[in-house]
Amino acid sequence: MTDSIDLVSDTDAETGKSGTRDPTPTPRVSGRPRVTGGTPNDANKVIIDFKDVDVYYGDFHAVDSVTVPVREKEITAFIGPSGCGKSTVLRSINRMNDLIESARVEGTITYHGVDLYAPGVDPVEVRRHIGMVFQKPNPFPKSIYENIAFGPKIAGFKGNMDDLVEESLLRAALWNEVKDRLTETALALSGGQQQRLCIARAIATSPDVLLMDEPASALDPIATLRIEDLMYELKQDYTIIIVTHNMQQAARVSDRTAFFSVDVNEGRRTGRLVEFTETAKIFTSPQQRETEDYITGRFG
Amino acid sequence: MGDTTHDNHETELRHHYDDELEEIRANLVDFGTMVLTNVRHSGEVVTENLLDEVADVRAADGPINSRYSELESKVFEILALQQPVARDLRFLVASTRVLYELERSGDLAVNIVKTLARLDGLPSDPIIQSLLNRLSISSAKMFASGVQALASMDPQIGVDADDEDQETDKLTRDLYQAVTERQEELGLETAVALFRMGRFFERIADHGVNIAENVTFVVTAKFPDEI
């Protein structure tokens, strides 16, 4: 994978022809994905590697020196108080911060060994490989079918679109609820269904990493549990990074947890990584006093 | 903590939570002292042949059992309502184990005096009497160090406990040996009763060790054999 990963734009500058990347999704497994149980495994390959990453907005130092290896097919949770930079760090992975003109990233973030900020890397291509799900479900005001088909269509998908839509909805555990109303507007779905639709939409372009920024914070407890179940199933095929305010959620779903905190200097907040380790360790025997104080609710 | 934006004040709710945890710890010490008193009493009853105090030791176990149930319910309630993690979680889980160790020790003190009553007093053999005297003292000392660990939350007591328990184990073996050598003159029933008594004292010491080791776990997140 390391050698074959291609984050440069598919469009050839000279001919304008589409590239050769095959966007066909992985073959469908029969029925629902098998749940294999989650334990962090150091043998899992590091897929996204943060090394001494600093994020700045202009001269404002938003995040200080983050080093986190994210391993393949694990769920990594980012937790910490508001303003600690966890979302900023998440967004730096699929170059969402590029949309803010003054933002800049120092240090290196690699994806399959490729520097995500190297010259020539196309952010649009990055986002095809690294999908994102946001806090508030944000389906397009289109049909359920079109919500899924939109991304692959733009990406030049040439295969059977009906199959791809079904596959994506199956993987997002939504197919059975929507298969008879694919042409209806996605906005008629419940919040939890909309969020699963957004996950299906993210999956449709066949990424291997999913970023989730507070994916369940706008949902009720039942819909939240469905999203958590889904994450657990998805990690067979995807690497997931989740930002969450809900520590019990991080404890329930993730394999490893990064705890971020925030320092204030002259009124300016700089987030920093305090501790990154296996989730079971963070919640039973954190090594840093700051982590312990935060997760036990002593500060906050 | 340094300068952090999240307010460094504990909320009222957390204050209440902290108070509850401290109350559990103080209650464990108090409960431990209550059991220790009865454990010591059972030793005195045996070594001073105080048959008329057997009933007192037995009666003292009622309040011990009530206290156990009451504290266990309280721990479960905190577990359910506060969803504790990290040290708080270790403390509460260890508390349920410690409560069990304390309650069992109370039962063993009762078993000791019941056995004495069945024997209608110790045999007059001075070696047996001396060994039981030393065993009861050594056993109570180990149990007391467990209670002391709860009071001080000193993880070192648990680290040292296993070594210190060797004395009780040796005295128990010596007692078995002495009883075996005298089994004919003691008779089978008395010999078995003395074996059982030795075993009860030895178990009380073990419970003390377990309590101290649980304190080590609360403080360091590791049991002594993992350190």
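Residue numbers start from 1 in every chain, and the chains themselves are labelled A, B, ... in the order their sequence lines are given, proteins ahead of strands.
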Side chain, backbone, both or neither: which part of B/Arg90 has a heavy atom under 4.5 Å from chain A?
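It is the side chain, since no backbone atom gets that close.
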
Electrostatic pair B/Asp88-A/Arg298, nearest N-O below 4.0 angstrom
yes

Inspect the surroundings of [atom1] in [X] and state if more than 12 heavy atoms from other residues, nucleotides or ligands are less than 6.0 Å away.
{"X": "B/Arg196", "atom1": "CZ", "answer": "no"}
{"X": "A/Leu99", "atom1": "CG", "answer": "yes"}
{"X": "B/Arg58", "atom1": "CZ", "answer": "no"}
{"X": "B/Arg134", "atom1": "CZ", "answer": "no"}

Taking A/Ile282, A/Thr291, A/Thr270, A/Thr296 one by one, which has the highest count of heavy-atom pairs under 4.5 Å against chain B?
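Highest number of heavy-atom pairs under 4.5 Å: A/Thr296.
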
So, A/Glu292 side chain and B/Arg87 main chain: donor-acceptor pair closer than 3.5 Å or not?
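Yes, the answer is positive, given that a donor and an acceptor are paired below the 3.5 Å cut-off.
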
